[in-house]
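Let me begin by presenting the structure, written as structure tokens, before commenting on it.
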Amino acid sequence: RSTKALHALLHGLALVIALVGIVAVFESHRSKGIPDMYSLHSWCGMAAFLLYLLQWLPGCGVFLFPGASFSLRSRYKTQHVFFGIALFALSIATCLLGITEMLLFNIRDSYSHFVPEGVLANTLGVLLVAFGLVVGYVLTRDDWKRPPLAEELALSM
């Protein structure tokens, strides 16, 4: 139970941090006269945030609060895991789109000359992809999964 509470708390904290970031972006755009929600990066980012919120709310309702039945939890778990992995991949893709957008806006003319900003951005992008692959590998390995609890085994028989 404490692991589930920690999982929900950390993801709730991530939601708050993401919301602060989104508000900061809208404020920055407003102060500079930049239009909002025009790029693929912004669309994917807003979709990732909203889908993340829609993942977190039922996750808390089904897994954290004691009223949900075991059968409901076991049926919802596969969707929760799939959409969690899908949202992680969407988040990495959104970050890569943001890096590319920044490069196009800030160093478009000098990007092909291997300027330090471009090399740093490309390195960050490669590291993000590597991080996503490592997390995907860990999530698909049975050795890394939590063994079922005794009450889960008893209820599944």
> Is there a side-chain contact (heavy atoms from CB on, under 4.5 Å) between I107 and S110 once you walk through the steps?
Replying inline: CA-CA 5 Å; I107 60 170; S110 61; 3.7 Å; yes

> Got a second to check how far L51's CG is from M46's CE, nearest 0.5 Å?
Replying inline: 11.5 Å

> For C60 and F65, which heavy atoms make the closest approach, and how far apart are they?
Replying inline: O-CD1, 3.1 Å

>> Check this for me: Y38, atom OH, are more than 12 non-hydrogen atoms of other residues, nucleotides or ligands nearer than 6.0 Å?
In response: yes

>> Aromatic contact between H80 and F63, with the criterion being ring centroids under 6.0 Å apart: yes or no?
In response: yes

>> Hydrophobic clusters here meaning ILVMFWY residues chained together by side-chain heavy-atom distances under 4.5 Å, can you tell me if L19 and L90 are in one?
In response: yes

> Below 4.5 Å, heavy atoms only, C-beta onward: do E117 and N106 meet side chain to side chain?
Replying inline: no

> Taking all atoms of both residues into account, what is the closest heavy-atom pair of K145 and L139, and its distance?
Replying inline: CE-O, 3.9 Å

Under 3.5 Å, sequence neighbours excluded: what are the donor-acceptor pairs made by side chains of residues 122-135?
unit_1 : atom_1 : unit_2 : atom_2 : d
N122   : OD1    : Y111   : OH     : 2.9
N122   : ND2    : Y111   : OH     : 3.2
N122   : ND2    : G118   : O      : 3.4
T123   : OG1    : V119   : O      : 2.7

> Between CG of L64 and CZ of R73, what distance do you get to the nearest 0.5 Å?
Replying inline: 8.5 Å

>> Ignoring hydrogens, what is the shortest heavy-atom contact between S42 and M37? Give both atom names and the distance.
In response: OG-CA, 3.3 Å

>> Contact between L87 and Q55 at the side-chain level, heavy atoms closer than 4.5 Å - yes or no?
In response: yes

> Do V115 and L103 sit in the same hydrophobic cluster, where Ile, Leu, Val, Met, Phe, Trp and Tyr count as joined when their side-chain heavy atoms come under 4.5 Å apart?
Replying inline: yes

> Are side-chain heavy atoms of L13 and L9 found at a separation under 4.5 Å?
Replying inline: no

>> Show the nearest heavy-atom pair for residues S74 and S71, with the distance to one decimal.
In response: OG-O, 3.0 Å

> Ignoring hydrogens and geometry, is there a side-chain-to-backbone donor-acceptor pair from W56 to L15 under 3.5 Å?
Replying inline: no

>> Looking at every heavy atom in both P58 and Y76, which two are closest together, and how far apart are they?
In response: CG-OH, 3.5 Å

